[in-house]
Amino acid sequence: MGFFAFILLIISLLGFSSAKLLGINYGQLGNNLPSPYQSIELIKSMNADGVKLYDANPEILKLLMGTNLKVSIMVPNNEISILASNQSKANEWVQNNVLPYYPQTMIRFLLIGNEILSYSTEQDKVMWFDLVPAMNNIRSSLKALNIRNIRIGTPLAMDILQSTFPPSNSVFRSDISESVILPMLQFLNKTKSFFFIDVYPYFPWSSNPTNINLNYALLNPNPNPNFHYSDPGTGLIYTNLLDQMLDSLHFAMAKLGFSKIPLLISETGWPTAGDFEQVGANVYNAATYNRNLIHRLTAKPPIGTPARPGVKIPTFLFALFDENLKTGPGIERHWGLLRPDGTPIYEIDLAGKMPAAKV
């Protein structure tokens, strides 16, 4: 048995089994990663339900043909404005990046840019206003080809909110609320798409570990009401930070008149390592967070959040590999479920059958 085949066997023995609505982000910012073929085989061996790409890589999309993986592809940020201003360019993008692979590759999400509302140069702000027009043009391209099962959206970060605490007080930033978010919500509502959000409890916890309990951030169950939070505006009880963050989006959307657009978690996870001053970034916490998350997402019936109980939340875990070419603080290079050689960093089970907080 070759080394790579041995790794696939080890992963299957470690319990990577089927998990509906649970996918994995597959980034490629590393110079030591397995080939796309090996990476797709690893994802398949983990029995993930889907894979999210940060582009429309032709080699990867060909490799995904005939698999049961639901696929999310992405328009790069620097192409948004041209797609917004030119329908023929949008048609061309779909012809080049969707048609050669669809439907054999199960493309189900087409994302326009990545966290573009987190960038704020004057050039970036121009792109903010191109976001929804680009979505509309891409949708027109798909409709012209009678492709109706690909949802269009854009992944955003939590910094789109001006306030998040308590959740019932949440509102979108004043510079984007009426001008960008409102037309986007109108588009998502009309097309029955999702609000895609990158949500990381690690960041608010690590910036305020004295006042936010670590177990609350890690989703560890705690029956002690002293460790719960009651929203004074609604009386809703929160037992973990993720629910609090997600409901802040629910309330912010409702204030703009949209209370039923579903959330899709486009990224979430916990870092396994970081720089010296980056507290809490370790394997134990990462394994704990992701196991607890999977337990919640695979619960039957669905748990939802306090504001939207019983609602399924499709989710893409971040990320498949540690990526050593990512810039920024040390934690940016340590979110992977797998090492670059394909071995698991910690044991995890996408079916939610592993004990929630056991490492």
Please enumerate all residues that pass ring-ring contact (aromatic ring centres under 6.0 Å, His included) together with Phe195, with sequence neighbours excluded.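 Expected list: none.
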I'd like to check the ring-ring contact (aromatic ring centres under 6.0 Å, His included) partners of Tyr200; sequence neighbours left out, ordered by chain and number.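 Partners of Tyr200 under the ring-ring contact (aromatic ring centres under 6.0 Å, His included) test: Phe203, Trp335.
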Do the side chains of [Y] and [X] get nearer than 4.5 Å, heavy atoms only?
X      : Y      : answer
Phe172 : Leu256 : yes
Phe251 : Leu236 : yes
Ile24  : Lys52  : no
Asn114 : Asn77  : yes
Val283 : Ile345 : yes
Leu182 : Phe258 : yes

Please determine, by modelled atom types, if [X] and [Y] share a side-chain donor-acceptor pair under 3.5 angstrom.
X      : Y      : answer
Tyr202 : Asn285 : no
Tyr229 : Asn240 : no
Asn25  : Tyr54  : yes
Asn324 : Asn31  : yes
Arg148 : Asn146 : yes
Ser141 : Gln87  : yes

Crowded around [X] [atom1]? As in, over 12 foreign heavy atoms under 6.0 Å?
X      : atom1 : value
Phe129 : CZ    : yes
Lys255 : NZ    : yes
Lys62  : NZ    : no
Gln123 : CD    : no

Hey, is the main chain of [Y] close enough, under 3.5 Å, to the side chain of [X] for a donor-acceptor pair?
X      : Y      : value
Trp270 : Tyr289 : no
Thr315 : Ile313 : yes
Asn215 : Asn222 : no
Gln38  : Ser35  : yes
Arg333 : Gly328 : yes
Ser259 : Ala254 : no
Thr105 : Tyr102 : no
Thr343 : Arg339 : no
Glu332 : Pro329 : no
Asp322 : Gly336 : yes

Please answer: with hydrophobic residues joined when any side-chain heavy atoms are less than 4.5 Å apart, are [X] and [Y] in the same cluster?
X      : Y      : result
Val171 : Leu246 : no
Ile80  : Val98  : yes
Ile147 : Leu53  : yes
Leu117 : Val126 : no
Leu99  : Met65  : yes

Minimum heavy-atom distance between Tyr119 and Asp124, given as atom pair plus value: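 Taking every non-hydrogen atom into account, CB-OD2, 3.1 Å.
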Parallel, tilted or perpendicular: which one describes the rings of Phe321 and Tyr26, with boundaries at 30° and 60°?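 Perpendicular: the ring planes of Phe321 and Tyr26 meet at over 60°.
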If the plane angle is over 60° it's perpendicular, under 30° parallel, otherwise tilted; pick one for Phe109 and Phe196.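 Ring orientation, 0 to 90° scale: perpendicular.
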For residues 178-203, pull every pair meeting salt bridge (charged side-chain N to carboxylate O under 4.0 Å, His left out), keeping only residues two or more places apart or in separate chains.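 Counting only pairs at least two positions apart or across chains, no salt bridge (charged side-chain N to carboxylate O under 4.0 Å, His left out) contact touches residues 178-203.
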Quick one: list whatever passes salt bridge (charged side-chain N to carboxylate O under 4.0 Å, His left out) with Asp247, sequence neighbours left out.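 Once residues adjacent in sequence are excluded, Asp247 has no partner under the salt bridge (charged side-chain N to carboxylate O under 4.0 Å, His left out) criterion.
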Residues two or more places apart in sequence or in another chain: which of them pass salt bridge (charged side-chain N to carboxylate O under 4.0 Å, His left out) with Asp175?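 Asp175 satisfies salt bridge (charged side-chain N to carboxylate O under 4.0 Å, His left out) with Arg173 once adjacent residues are dropped.
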Anything under 3.5 Å between a donor and an acceptor, one on a side chain of residues 154-167, the other on a protein residue two or more places apart or in another chain? List them.
residue	atom	partner	partner atom	Å
Thr154	OG1	Ile112	O	2.6
Asp159	OD1	Ser118	OG	2.9
Asp159	OD2	Ser118	OG	2.9
Gln162	OE1	Ser174	N	2.9
Gln162	OE1	Ser174	OG	3.4
Ser163	OG	Asn169	O	3.2

Would you compute the distance between atom CG of Leu29 and atom CG of Leu325 and round it to the nearest 0.5 angstrom?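 If we round to the nearest 0.5 Å, Leu29:CG and Leu325:CG are 6.5 Å apart.
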